[in-house]
Number of protein chains: 2
Amino acid sequence: MPVETRPDHAPLELEHFLPYRLSILSNAVSQGIADEYQRRFDLSMTEWRVMAVLARFDGLSAREVAERTLMDKVAVSRALARLVESGRVNRGTHDGDKRRSVLGLSEAGWQVHDEVAPMARARERELLAKLDAEERDWLMRILDKLQPVDQP
Amino acid sequence: MPVETRPDHAPLELEHFLPYRLSILSNAVSQGIADEYQRRFDLSMTEWRVMAVLARFDGLSAREVAERTLMDKVAVSRALARLVESGRVNRGTHDGDKRRSVLGLSEAGWQVHDEVAPMARARERELLAKLDAEERDWLMRILDKLQPVDQP
DNA sequence: GCGTTATAGTTACATATGAAACCATTTGCA
DNA sequence: TGCAAATGGTTTCATATGTAACTATAACGC
């Protein structure tokens, strides 16, 4: 049985270290949800995020999708390649700027969306059910304050 | 300028979706810290986590490191390979069980640790400085409640 | 107008990660 | 004992991800 040693070196206690705790929690939560749609729809987390913003904002360009998801443009490009390939996203070209794509969910894309979105929300509810109303309030306030404003 | 569409499909609003917010926050925080020790010490996040537990618990086996860090054994094995190679971790063999390794920080490992740990703590403090004492209290309480008990 | 610079998006390469197969050793038990 | 099952750890392979280079088009300055 190992013993705690060298207190003079002030070792980091991971289980009380906020960044570590956030990372463990976040991964468990997101991965739990992603596993489900991955299995059922062969959809990666990045692909789902792209679909989610296209569900809200039709006609975005790839760059705009990247902005909204905070993903980098390469990740978006790859996710889109698969989504277009699988027929879940339609890609057109912008009138008057042939560089820009014009993206939107296809009928099949909407069908997937309409199954995944409620599932994701249900999982979020399960998570929040561990908290009472007051705690939920504080959590949202705290996240607002911790959230970095914008990363370019 | 794109317009919000198809409210009938109840699209997910990522920026209000807790798992997404946690993920963005957690990545920004952890990556911010990791960038710094990566640059200064050529140390990956997984390697740092291994070092952090070995700083607290000398003589662990690789499996025990994996348990403490919640990383899988392959990741630990790889991190250890690099750490032993770079002379930051000593690896011996357990008396009476030749499968098990006996791990600990080397002198060089301690030197790295003693620079990285205070830096990590400083970054954590900067993050927590965005909150007042009451908010910090709530945050810790909330994390305790949300934290999955254990993943085997 | 035309060359330079910027922008949208993709491709290529190098590295990271996860799952499963694998080797060595130890444990359990007939 | 001795052999099947379990355990510690590494390797392999397939996939994911990030960075930089690249292509095509558009915007800018003269």
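Both backbone and side-chain heavy atoms feed into the values below; hydrogens, waters and symmetry mates do not. Below, chain A is the first sequence line, B the second, and so on; all start at residue 1.
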Rounded off to whole Å, could you give me the [atom1]-to-[atom2] distance for the [X] and [N] pair?
| X | N | atom1 | atom2 | value |
| --- | --- | --- | --- | --- |
| Arg82(B) | dT11(D) | CZ | C1' | 18 Å |
| Glu64(A) | dT7(C) | CD | P | 14 Å |
| Lys98(A) | dT23(D) | NZ | P | 19 Å |
| Gln38(B) | dG18(D) | CD | P | 12 Å |
| Met45(A) | dT17(C) | CE | P | 14 Å |
| Asp97(B) | dT26(C) | CG | P | 5 Å |
| Arg63(A) | dA6(C) | CZ | P | 16 Å |
| Leu80(B) | dG8(D) | CG | P | 15 Å |

Is the distance from OP1 or OP2 of [N] to the nearest side-chain N or O of [X] less than 4.0 Å?
| X | N | value |
| --- | --- | --- |
| Ser101(A) | dA8(C) | no |
| Arg99(A) | dT7(C) | no |
| Arg91(A) | dT10(C) | yes |
| Ser77(B) | dG9(D) | no |

Salt-bridge test for [X] and [Y]: reply yes if a basic N is under 4.0 Å from a carboxylate O, no otherwise.
| X | Y | value |
| --- | --- | --- |
| Glu135(B) | Lys130(B) | no |
| Arg63(B) | Glu67(B) | yes |
| Glu115(A) | Arg40(A) | yes |

*Specify the residue among Leu103(B) and Thr46(A) whose closest nucleotide of DNA chain D lies further upstream toward the 5′ end.*
Leu103(B)
*When you measure from the side chain of Ser26(B) to the backbone N and O of Ser23(B), does any donor-acceptor pair fall under 3.5 Å?*
no
*salt bridge (Lys or Arg N to Asp or Glu O under 4.0 Å) partner of Glu47(A), chosen from Arg82(A), Arg88(A), Arg78(A)*: Arg82(A)
_Quiz question: going by heavy-atom distance under 3.5 Å, is there a donor-acceptor pair between the base of dG18(C) and the side chain of Arg78(B)?_
yes
